[in-house]
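Every chain is numbered from 1, with letters handed out A, B, ... down the list of sequences. Below, all heavy atoms of this structure are taken into account, side chains as well, without hydrogens, waters or symmetry copies. This structure is a prediction, so every number in the text was calculated from the model and none was measured.
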2 protein chains.
Amino acid sequence: MNATPRWLDPEQKAAWDHFIRMQEKLVGRLSRHLQSDSKLSAADYVVLAALTESEGGRMRFLNLTRRVEWEKSRMSHQVGRMAKRGLVTREECPEDGRGAFVVATPEGYRAIEEAAPLHVEHVRRLFIDALTQEELDTLGRLSARVLAHMEQQPD
Amino acid sequence: MNATPRWLDPEQKAAWDHFIRMQEKLVGRLSRHLQSDSKLSAADYVVLAALTESEGGRMRFLNLTRRVEWEKSRMSHQVGRMAKRGLVTREECPEDGRGAFVVATPEGYRAIEEAAPLHVEHVRRLFIDALTQEELDTLGRLSARVLAHMEQQPD
DNA sequence: CTTACGTAATTGACGTGTCAACCAAAACGG
DNA sequence: CCGTTTTGGTTGACACGTCAATTACGTAAG
């Protein structure tokens, strides 16, 4: 039994609170904008962005999940929903009988090409424009550091 | 028709990508830890934290939603689920017939007091420990700036 | 060959979040 | 007062995410 847990000191707590609230508000607004401006959710956007940046708009299922760092069941459900709406299709993989490809359809391409400009505007308006170029770099660098730290850390 | 949208330049895009990936990975891990270490979800934790930091463990519904910056329907569903599990109760509001109070039950207190130490450890391990005190301050300051920027911004 | 084990991906159940519609009490304007 | 609008809060339908279990194929060992 840990007698007295090591609480965060006031400066740490303040930094954490600001970060968490900012992050939540930002991603919340962005995904609501996406949803109402286009017919894509944030999840749809991420998947289509990954696919369309890839050779032929196709990717192996597992590579896709790693690329966007999702769990495979999440991706499977997502791909299922997107397939139902005609944004992607599943294809079999010749060299591995268990494998699958996920492929962006022409509609998928159309959808993300339509959605991207406005989305980028919102990212710019809500996030990029809040900071100077130098501050933005700093934030990016610190984010990368936290990311690297987490990757060296168990689970 | 916008001829050529203003895309992010490479540095901006890099900063944005790092931030987004970091944030997603961090909150994902933290909420999975909460879920498996305690019997609270991240949402439960946020609500109970707000309530138990407040006089008498009770708050007006709307104040609660503003405090954690959620939409009211989200809060209503959440409170409903938590009430079903005995973590909170709803009470009527005498001075406003439409109003409601949300109150943390003893079990609610017990649950968050049990969950908090481990949760804080994870926050420390995954986030705080990744940065020096000075870097952490910087990140907090930049987050606050983005937050303030968003608050001055339409929707 | 076959048994066993690991890997690729799907499924189902359930908790969670969003949107739009709704309801009831309050506040306001005549 | 009475009708209208605003405010506080709930509801239902549906999209989304997680976990645990499952299917089906690949691979290596005896």
Ranking C/dT16, D/dT10, C/dA9 by distance to the side chain of B/Ser76, first place goes to D/dT10
By nearest-heavy-atom nucleotide on DNA chain C, the more 5' of A/Arg60 and B/His77 is A/Arg60
* Asked: What class does the angle between the rings of B/Phe19 and A/Phe19 fall in, given that below 30° is parallel, 30 to 60° is tilted and above 60° is perpendicular?
  -> perpendicular
Quick note, B/Ser73 side chain, CB onward, closest among C/dA9, C/dA25, C/dT18 is C/dT18
Is the closest side-chain heavy-atom distance between A/Met82 and A/Leu48 below 4.5 Å?
-> yes
Winner on side-chain proximity to A/Lys72, out of D/dT10, D/dT11, C/dT10, is C/dT10
Closest to the side chain of B/Arg81, out of D/dG17, D/dG12, C/dG17, is C/dG17
Comparing nearest nucleotides in DNA chain C, the 5'-proximal residue of the pair A/Arg32, B/Arg85 is B/Arg85
* Asked: Mind checking whether A/Gln12 and B/Arg124 have side chains closer than 4.5 Å, heavy atoms only?
  -> yes
In whole angstroms, the gap separating P of D/dA15 from OH of A/Tyr45 amounts to 22 Å
Whole-Å distance, A/Lys39 NZ to C/dT18 P, equals 17 Å
When all nucleic acid strands are considered with a 4.0 Å heavy-atom cut-off, which category describes A/Gln78: base, sugar-phosphate, or nothing?
sugar-phosphate
Can you find a pair of side-chain heavy atoms, one from A/Ser38 and one from A/Glu114, that are under 4.5 Å apart?
no
B/Asp44 has its side chain closest, among C/dT16, D/dG9, C/dT18, to C/dT16
Taken to the nearest whole Å, CG/B/Asn63 to C1'/D/dG9 is 13 Å
**OP:** Would you indicate what B/Glu71 reaches in the nucleic acid, counting non-hydrogen atoms under 4.0 angstrom: base, sugar-phosphate, or nothing?
**Re:** sugar-phosphate
Rounded to whole Å, NZ of B/Lys84 lies from C1' of C/dC14 at a distance of 12 Å
